[in-house]
Amino acid sequence: MQGVDDAWLPDGVFRQVGTRRTLIRGAGPLVDTVRREVDRACARFGGRVVPHGDSDLVLELTGEDGSEAFTYERRDGRTTVTASGGAGLLHGFFHVVRLGAAAFEGSSERRSHRSELALRMLDHWDNVAVHPVMGQVERGYAGGSLFWEDGRARGDLERVMAYGRLLASCGINAVAVNNVNVHETEARLLTDRIAEVAAIAGALREYGIRTHLSVSFAAPVVLGGLATADPLDEGVRAWWAEVTGRVYAAIPDFGGYVVKADSEEQPGPFAYGRTHADGANMLAAALEPYGGTVHWRAFVYDHRQDWRDRTTDRARAAYDHFVPLDGQFASNAVLQVKHGPMDFQVREPVSPLIGAMPGTRLAVELQATQEYTGQQRHVCWLGPMWSEVLRFRPDGTPVAELANALVAVSNVGDDRFWTGHPLAQANLYTFGRLAWQPDADPLEILDEWIRLTFGPEPAAGVRAVMEGSWRTYEKYTAPLGVGFMVQPGHHYGPSVDGYEYSPWGTYHFADRDGVGVDRSAATGTGYAAQYAKPWAEVYESPETCPDELLLFFHHVPYGHVLHSGKTVIQHIYDTHFEGVEEAEAARRVWASLVDLVDAERHARVAERFEEQLRSAREWRDQINSYFFRKSGVPDARGRRIP
Ligand code: GCW
């Protein structure tokens with residue numbers, strides 16, 4: 001598409017398919033999509049689609065059961081993909097594309113590929129109307145919305161289709177098209193504006209992506225004119241049933257609703273003395289006849305707490321609210337839990353809610369949009385963090401196996417590079433690939449993304465810039481899992497005490513003697529006891545708690561010695577100096593790639609690096625000065641702390 005970056009699908013990636021003879025068998029909308037893709041590649045590179053006979057590549061649909069699985073094999077000089085569902089054929093096609101030349105060399109046994117997680121979804125926090133404080137995309141760092149423009153769904157859906165193509169090629173199969181904070185205009189998407197959602201759904205469907213919608217729990221009152229939104233009220237239930245019927249009339253393969261209720265001012269069942277299970281189940285009942293699902297978010301906490309009150313702990317909230325409801329949720333209600341107990345910090349423990357509700361379907365929510373990880377001005381590849389989350393075993397079983405769905409808050413907008421920072425595309429890609437195969441090595445995914453996006457020449461340099469970027473970011477920002485210390489409101493840049501005396505429940509409690517939050521059961525908020533063994537014990541004591549989470553779980557003196565052998569205060573100084581040095585080194589590597597990367601992409605990243613460096617130094621100096629002034633302990637290495 002003119003003027004828009006082709007991300008990890010530049011033309012060259014299709015060369016191998018495009019120079020060969022391909023036989024396509026089967027019929028259906030997604031087979032048509034595959035055929036279009038192959039035709040396009042052949043038009044560019046001189047191969048052709050053959051109706052029968054000799055071929056290098058066979059793409060065969062053997063049925064239509066909706067499955068996303070496919071088989072792949074190479075034998076006697078021919079590569080064959082079969083699938084029993086159109087989506088499977090599409091995934092198989094992109095598998096061949098990703099393999100490149102390797103798909104047409106040697107031989108490989110027939111192997112079946114299927115996604116670990118049935119639902120791999122992006123939640124867009126897009127508003128239709130530009131919000132006065134949050135802008136069009138809440139926590140968006142890539143321009144305006146891809147879906148909504150000038151107060152309505154885009155007329156030209158070519159870009160949306162190109163987006164669907166990118167998503168399908170990395171394995172994503174669902175998108176929620178509006179913000180979970182549902183404002184007045186957006187509430188209407190459910191009813192009188194459903195045709196706009198249907199238009200977007202039509203474009204995404206071309207690539208096998210299902211559309212979901214965030215709805216307001218108060219819709220029966222706000223849109224329906226009812227006196228109540230009580231989930232047990234018959235009139236309310238009938239209203240939802242009827243409205244949902246109309247949604248499905250417009251979008252037959254509609255995925256379902258996403259709901260943020262009783263959270264940060266959004267309406268919910270508490271107003272009627274009902275539980276979250278009552279609320280979710282009402283919507284589940286409305287969706288059930290059509291096979292839809294409600295994603296009910298567990299991000300429920302008191303955002304008006306008194307900072308003087310040391311007994312309330314925001315980290316405890318989701319578990320305390322939801323665990324007592326285990327077993328009460330309908331089978332098409334999915335509890336959507338943020339991966340950490342707080343809010344997408346650069347380092348958090350895995351939420352203790354994950355694994356604690358065996359009788360409830362679970363979606364784990366990640367944040368691709370870099371709200372707390374550099375806002376797409378800093379390079380911060382999140383693959384290693386997400387992989388750690390997915391591999392974590394709360395109680396023997398890894399998170400990826402406990403979850404039914406993996407969701408990420410999208411980092412995409414109408415920016416020509418999709419994600420503002422071109423290297424942030426890797427987060428989108430990594431999310432899709434990890435959701436498909438959660439035990440994949442994230443570094444292999446990164447290499448794959450680099451190879452597709454940049455080709456071989458700059459690969460080693462790009463890898464050097466990106467592979468450690470999350471840990472680098474962690475080093476120069478809030479230390480040892482303590483979190484926040486960001487500017488209130490927009491959350492960019494340092495402000496150590498920015499939230500310290502606020503109602504948001506995100507404190508670090510630094511004083512002249514020490515820092516951190518005591519979440520032990522023995523002397524603190526008891527949060528550590530929300531975990532099953534062994535974690536409850538591991539986190540309970542500063543002796544066994546992993547260094548990187550120490551200040552999340554414990555308030556310790558500055559002289560406390562970490563497992564690394566350093567004191568907490570020296571760790572703070574050292575990591576902050578190192579983090580900036582690492583960012584400086586990454587910038588130099590990027591500069592050296594100038595002749596190996598296309599000019600515009602190179603320039604955009606180079607420009608972002610200037611800001612990253614400025615900001616990283618700001619972080620280093622504020623954090624180091626703050627803790628030097630509080631503690632009075634000098635840097636053992638005598639470096640200058642302003
Ligand atoms: O992290 C916070 C964000 C809010 C967001 C909220 C949520 C959509 O600062 O902007 O609102 O989380 O996840 O609901």
Side-chain angles (χ1 to χ4, degrees), residues 121-142 145 148 175-187 189 212-217 257-268 276 279-280 294-305 314-315 317-318 321-322 334-348 351 353 363-376 380 382 385 406-413 477-478 483-493 495 498-499 502-506:
M121 171 164 159
L122 286 172
D123 281 6
H124 278 250
W125 287 354
D126 296 17
N127 300 311
V128 177
V130 176
H131 185 270
V133 181
M134 287 297 173
Q136 186 172 26
V137 180
E138 180 154 350
R139 312 306 181 186
Y141 312 103
S145 170
W148 314 100
V175 164
V177 295
N178 66 308
N179 191 356
V180 291
N181 289 328
V182 184
H183 310 289
E184 212 181 313
T185 307
E186 292 74 19
L189 295 174
H212 297 238
L213 191 66
S214 296
V215 297
S216 167
F217 192 79
Y257 300 136
V258 180
V259 187
K260 172 176 177 178
D262 291 317
S263 164
E264 300 181 338
E265 311 292 332
Q266 292 297 303
H276 280 261
V294 56
H295 281 241
W296 190 270
R297 295 179 83 231
F299 185 57
V300 178
Y301 70 100
D302 178 5
H303 68 288
R304 294 217 186 101
Q305 87 175 66
R314 171 167 162 180
H321 278 293
F322 286 95
V334 178
L335 193 63
Q336 187 161 312
V337 182
K338 289 191 183 187
H339 68 83
M342 295 295 282
D343 199 5
F344 300 136
Q345 300 305 292
V346 68
R347 178 76 71 171
E348 288 188 41
S351 169
L353 190 49
V364 174
E365 187 179 294
L366 310 171
Q367 195 184 41
T369 194
Q370 291 170 234
E371 175 175 2
Y372 295 100
T373 50
Q375 305 203 346
Q376 282 138 258
C380 187
L382 296 165
M385 168 161 91
L406 199 64
V407 178
V409 182
S410 171
N411 60 352
V412 165
T477 57
F484 290 87
M485 300 190 170
V486 291
Q487 300 259 353
H490 56 67
H491 298 166
Y492 185 74
S495 176
Y499 277 109
S502 83
W504 292 93
T506 57

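Indexing begins at 1, ligand by ligand and atom by atom, following the structure's order.
- The aromatic rings of Trp296 and Phe217 sit perpendicular to each other, their planes meeting at more than 60°, with 30° as the lower class boundary.
- Taking the six-membered ring where tryptophan is involved, the planes of His303 and Trp504 are tilted, since the angle between them lies from 30° to 60°.
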Between ligand 1 and the protein, which N/O pairs fall short of 3.5 Å?
| residue | atom | partner | partner atom | Å |
| --- | --- | --- | --- | --- |
| ligand 1 | 1 (O) | Asp343 | OD1 | 2.8 |
| ligand 1 | 1 (O) | Asp343 | OD2 | 2.4 |
| ligand 1 | 1 (O) | Glu371 | OE1 | 3.3 |
| ligand 1 | 9 (O) | Arg139 | NE | 3.0 |
| ligand 1 | 9 (O) | Arg139 | NH2 | 3.0 |
| ligand 1 | 9 (O) | Glu371 | OE2 | 2.6 |
| ligand 1 | 10 (O) | Glu138 | OE2 | 2.5 |
| ligand 1 | 10 (O) | Arg139 | NE | 2.9 |
| ligand 1 | 11 (O) | Glu138 | OE2 | 3.2 |
| ligand 1 | 11 (O) | Asn181 | ND2 | 3.1 |
| ligand 1 | 11 (O) | Lys260 | NZ | 3.2 |
| ligand 1 | 12 (O) | Lys338 | NZ | 3.0 |
| ligand 1 | 13 (O) | Arg297 | NH2 | 2.7 |
| ligand 1 | 13 (O) | Lys338 | NZ | 2.7 |
| ligand 1 | 14 (O) | Lys260 | NZ | 2.7 |
| ligand 1 | 14 (O) | Arg297 | NH1 | 2.8 |

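- Considering only residues two or more places apart in sequence or on other chains, Glu264 meets the salt bridge (charged side-chain N to carboxylate O under 4.0 Å, His left out) condition with Lys260.
- Under the side chain to side chain contact (heavy atoms under 4.5 Å, CB included) criterion, Ala142 pairs with Gln376, Asp415, sequence neighbours left out.
- Considering only residues two or more places apart in sequence or on other chains, Gln305 meets the side chain to side chain contact (heavy atoms under 4.5 Å, CB included) condition with Asp302, Thr312, Arg314, Tyr507.
- Using bins of under 30°, 30° to 60° and over 60° for the plane-to-plane angle, the ring pair Phe299/Tyr301 lands in the tilted bin.
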